[in-house]
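Worksheet: one structure, shown below.
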Amino acid sequence: MEPTAKEGFFERVYQMVEQVPEGMVATYGQIAKLVGEPRRARYVGYALHVNPRPGIIPCHRIVFADGRLAPGFAFGGPEAQRELLEAEGVSFLADGRVDLSANRWPAGIE
DNA sequence: CAAGTGACAATAA
DNA sequence: TTTATTGCCACTT
């Protein structure tokens with residue numbers, strides 16, 4: 001299979017997501033920008049949807065720009081994701097949203 | 001080739 | 001404040 005540029009974009013997304021430390025979360029738009037394409041925020045989610053490496057890519061650490069969780073989470077629902085994040089030490093708001101102000105990872109990438 | 005779709009984000013009402 | 005719409009850009013039909 002000839003690798004195309006789009007696959008390179010996907011792979012970069014996976015690399016970024018895998019580098020997210022535990023107890024922190026990142027937004028789709030942030031990941032998109034980090035890979036060099038801030039306009040492809042939607043495709044970041046799509047990349048995780050196709051998730052070629054389940055169990056290796058911490059999709060549960062990727063949330064909306066508002067701190068909200070994905071609607072169609074693949075692990076068993078947004079409830080399961082909240083449990084996973086809580087278990088890692090991520091703070092949550094009373095609205096069931098992640099406290100991006102305290103757990104946003106892309107605050108100091110190498 | 002054109003239109004439709006989508007794990008997003010920003011803006012309008 | 002929440003909900004709706006638009007813009008984005010690649011993939012699917």
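Reminder, nothing fancy here: chain letters follow the sequence lines and each chain counts from 1. Bear in mind the structure is a predicted one, so any value in this text is a computation, not a measurement.
- Using a 4.0 Å heavy-atom criterion, one finds that Phe64(A) contacts the sugar-phosphate atoms exclusively.
- Between Glu88(A) and Arg61(A), at least one side-chain nitrogen of the basic residue sits less than 4.0 Å from a carboxylate oxygen of the acidic one, meeting the salt-bridge criterion.
- Between Arg39(A) and Tyr46(A), the residue anchored nearer the 5' end of DNA chain C, judged by the nucleotide with its closest heavy atom, is Arg39(A).
- If you measure from atom CZ of Phe10(A) to atom C1' of dG6(B), you get 11 Å, rounded to the nearest angstrom.
- Distance CZ (Phe9(A)) to C1' (dG6(B)): 13 Å, rounded to an integer number of Å.
- For the side chain to side chain contact (heavy atoms under 4.5 Å, CB included) test with Gln81(A), the passing option among Leu69(A), Val98(A), Ile62(A) is Leu69(A); the others fail.
- Taking atom OH on Tyr14(A) and atom P on dA7(B), their separation rounds to 14 Å, with Å as the unit.
- A continuous path of ILVMFWY side-chain contacts below 4.5 Å connects Val44(A) to Leu34(A), so both sit in one hydrophobic cluster.
- Taking only side-chain nitrogens and oxygens, Arg40(A) comes nearer than 4.0 Å to OP1 or OP2 of dA10(C).
- The distance from atom CG of Asp66(A) to atom P of dT11(B) is 12 Å, rounded to the nearest whole Å.
- The aromatic rings of Tyr46(A) and Tyr43(A) lie tilted to each other, with the angle between the two planes from 30° to 60°.
- When rounded to the nearest whole Å, the span between NE2 of His49(A) and P of dC8(B) equals 11 Å.
- Taking atom CD of Gln81(A) as the reference point, atom P of dA7(B) lies 15 Å away to the nearest angstrom.
- For the pair Arg97(A) CZ and dA7(B) P, the computed distance is 20 Å after rounding to whole Å.
- For the pair Ile62(A) CD1 and dG6(B) P, the computed distance is 22 Å after rounding to whole Å.
- Using a 4.0 Å heavy-atom criterion, one finds that Ala70(A) contacts the bases of the nucleic acid, with or without backbone contacts as well.
- Within 6.0 Å of atom CZ in Arg97(A), more than 12 heavy atoms from other residues, nucleotides or ligands are found, so the atom counts as buried in its surroundings.
- One can find a donor-acceptor pair under 3.5 Å joining the base of dA10(C) and the side-chain atoms of Tyr43(A).
- Checking Arg42(A) against Arg68(A), the closest nucleotide of DNA chain C that is more toward the 5' end is the one next to Arg68(A).
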